[in-house]
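Excluded from the calculations below are hydrogen atoms, water molecules and symmetry mates; all remaining heavy atoms, backbone and side chain alike, are included.
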Amino acid sequence: MNLLGPFVYQPQYLADASAVAHETMTRARANVATLIDRLTRIGFDFLLPRTAGSEWMGPMGPETSSDDLLVHSLPHHDSETLLTRIEETTAGIVPLSVRAWYQIVGAVSLLGDHPLLSSYKRSMSDGPIYSDPLMVVPLSSMVNELQFFPEVSRKFSFFPDKYFKAGCSGAMSIEIDCEGAQADAILHNEPHGLYFVQYLRHSFSWGGFPGWSGCPNRPEDELRYLAEGLLPI
């Protein structure tokens, strides 16, 4: 779809391209649910709660989690209005892949701690693990960023970098923009120059922790268990 560039929004292509994006994100949602279930089974300590109204230890102390701040937050009830607000604020077009993600998947955060897979809260004591757990910020967070930082223009944070995800000071956020009509969003500051769907594909192939790609002494058994049988996207 990316080969079509802005022509993807022409009537003869848009319906098919949207259908592909929706099918892709339907599979992504199934994979997210599978990963959360498997991580729970192996004792993964998620940073965020699973249900709204639960207490968790935030950066500034105890907090009560909202519907938008969970391991998996379902699509916002007013997602279409929020997506439209982003387009109005940026004078751009939300890429089809991003729109479908927020319509079907919502937001996800696999940040947390596991002796072999990942670190967040225990980074200060045991040292960080830069496993880059899958995370996409809530749609409401993107809208709030544009509201409070209008100078950002069309570019805004989509998820933090691997350093923040490991409980360390992040160097930069991974960003997307709405400039130009595109089927998929290029991830600015992503070290491999990937588009969003490419990043999801890469992340799922590593069980939601793509930072282990190319690393020695990785937890092969755990990564294999997490990635096995995930739906291709």
Aromatic ring proximity Phe158/Phe196, centre distance under 6.0 Å: yes
Verify same cluster id: Leu111, Val137 (apolar side-chain graph, 4.5 Å): yes
Phe159-Leu70 co-clustered via ILVMFWY side chain contacts under 4.5 Å: no
Check whether the side chains of [X] and [Y] place a donor and an acceptor atom closer than 3.5 Å, and report yes or no.
{"X": "Gln198", "Y": "His192", "result": "no"}
{"X": "Arg99", "Y": "Ser79", "result": "no"}
{"X": "Ser140", "Y": "Asp68", "result": "yes"}
{"X": "Tyr199", "Y": "Asp132", "result": "yes"}

Interatomic distance, Leu194 atom CG to Arg201 atom CZ [nearest 0.5 angstrom]: 10.0 Å
Phe46 to Ile36 - nearest heavy-atom pair and separation: CZ-O, 4.0 Å
Determine, for [X] against [Y], whether the closest basic-nitrogen to carboxylate-oxygen distance falls under 4.0 angstrom.
{"X": "Glu220", "Y": "Arg218", "result": "yes"}
{"X": "Asp37", "Y": "Arg41", "result": "yes"}
{"X": "Glu23", "Y": "Arg27", "result": "yes"}

Criterion side chain to side chain donor-acceptor pair (under 3.5 Å) on His114 and Asp45, from CA distance to verdict: CA-CA 6 Å; His114 183 273; Asp45 181 17; over 6 Å; no
